There are 2 protein chains.
Amino acid sequence: MATKTRERILDTSLALFNVRGEPNVTTNHIADELDISPGNLYYHFRNKDDIVEHLFARYELRIEEALVVPDARLPTLEDIWLRLHVAFECMWDYRFIYRDLVDITSRNRKLRLHFSRILKRATANAEAVLRGLGASGEMRASRAEIEATAHNVLLVTSFWMSYNAVLGGHIEREATDLTRGIYQVMMLLAPFLRDAERLHLHTLAANYVK
Amino acid sequence: MATKTRERILDTSLALFNVRGEPNVTTNHIADELDISPGNLYYHFRNKDDIVEHLFARYELRIEEALVVPDARLPTLEDIWLRLHVAFECMWDYRFIYRDLVDITSRNRKLRLHFSRILKRATANAEAVLRGLGASGEMRASRAEIEATAHNVLLVTSFWMSYNAVLGGHIEREATDLTRGIYQVMMLLAPFLRDAERLHLHTLAANYVK
DNA sequence: GTCTATATAGGGATAGAC
DNA sequence: GTCTATCCCTATATAGAC
């Protein structure tokens, strides 16, 4: 029980950051919520940013896992949907990072570099998938279109939750919120697809998005 | 000279917010920069949020203007590019709003409602343009695709600057930054276009994006 | 309209006892 | 490992003189 405090601080911080937004949570709030003293918190972590960094490291491990390309087989549209789903769930669990992304990454050089690296890796990943779809003849896209679309995939993925929050003013997650985000990403691909695949995607979407 | 102080506070606040980010600028910073006393600042504005609200009101006026549909004539791809350019310039001038969009709009109900309204109006606007391109036969898209794409247009537009900042870690604006954003938005349309228009768009883009 | 001075509050962080 | 107590600093905001 004794050595678990460190982990409890991380868990509680994550929960508070996600609900209220990282800038609106103080070290006192965290200590309060845990029923420990502020001093105790500073025994385990140098400062608030130290907590943020450790949470980010957790996130990084999980998202890197989600970015690993499963196998050499060309992904189907269902595969792509599924991989997006895993990524979105991961991002949801650490959504505080995305809520104040620019502020957080501009205040902390280390986080900025790591986040930028993840983003670039993910973009390359998306580009590879798109090229695969092109090579197999399932879609038709120029090199420039693929590059631009890969960026748009990451842009929409990264900021869907923000867009949704600003548009709807939600606090609580609606069951359809993430699904809707995945749908928006898939719709970036739709117009590139051949008629058969394009139709396939739309029926696929109809099953997931109500 | 006397009654101009109010405007000078707004101008200076805007400049500081844009450069450092609104959460990182205090009323003291603003007063310092203007060589006036903090007390004087509070004579002109109730608090910092009051300043933010007035700046937002300015922004709202300008962006609403940019959202007015020019005429009944169907917009060409060049027209669309130009209108995006006007919108991006306007957003750039008030980029502090977009830098911390979720935090700012979640703290202030009035701003959230107004921003949400702008976003919805702009989405409807984009949808109308897309439908126009469909009706004229320049592109082929289903109703669902048009709706999804309109959302993606606004998502990419709204968060392009954030995406670019996180990816590159810029502070200063590169000459190509906004152009690149416009390009990313136009690339959302490219795959829907008929071959002739699709090619036209790419040559058009090649002229603007170096 | 503008200043000086100040009140108030809160957050970040540390020292030292237990 | 944990607590209490406290310090420092900064931010917001106000009062009252000029």
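Predicted model only: the values in this text are computed from it and were never measured. The figures that follow rest on heavy atoms only: side chains count, while hydrogens, waters and symmetry mates do not.
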Output the rounded distance in Å from [atom1] ([X]) to [atom2] ([N]).
| X | N | atom1 | atom2 | result |
| --- | --- | --- | --- | --- |
| A/Asp49 | C/dG11 | CG | P | 17 Å |
| B/Ile51 | D/dA11 | CD1 | P | 14 Å |
| A/Asn24 | C/dG12 | CG | P | 11 Å |
| B/Arg107 | D/dT12 | CZ | P | 10 Å |
| A/Asn28 | D/dC3 | CG | P | 13 Å |
| B/Ile30 | D/dA11 | CD1 | C1' | 12 Å |
| A/Lys48 | C/dG10 | NZ | C1' | 13 Å |
| A/Phe45 | C/dA13 | CZ | C1' | 16 Å |

Distance test, side-chain N/O of [X] to OP1/OP2 of [N], below 4.0 Å:
| X | N | value |
| --- | --- | --- |
| A/Tyr42 | C/dA13 | yes |
| B/Tyr43 | C/dT2 | no |
| B/Asn40 | C/dC3 | yes |
| A/Thr5 | D/dT2 | yes |
| A/Thr27 | C/dG12 | yes |
| A/His44 | D/dT2 | yes |

Margin query: Can you identify which nucleotide, out of D/dA11, D/dT12, C/dA13, has its nearest atom closest to the A/Asn47 side chain?
Written below: C/dA13
Notebook entry, point to check: Which of parallel (below 30°), tilted (30 to 60°) and perpendicular (above 60°) describes A/Trp81 and A/Tyr208?
Noted result: parallel
Notebook entry, point to check: What nucleic acid atoms does B/Thr26 come within less than 4.0 Å of, heavy atoms only: base, sugar-phosphate, or nothing?
Noted result: sugar-phosphate
Margin query: Regarding A/His151 and B/Gln184, do their side chains bring together a donor and an acceptor under 3.5 Å, going by distance alone?
Written below: no
Notebook entry, point to check: Between A/Glu78 and A/His200, is any side-chain donor less than 3.5 angstrom from a side-chain acceptor?
Noted result: yes
Next item on the list: Identify the residue among A/Ile146, A/Thr149, A/Leu130 that makes a side-chain contact (heavy atoms from CB on, under 4.5 Å) with A/Phe192.
Entry: A/Thr149
Item checked: Side chain A/Glu22, main chain A/Ile104, donor-acceptor under 3.5 Å -> no
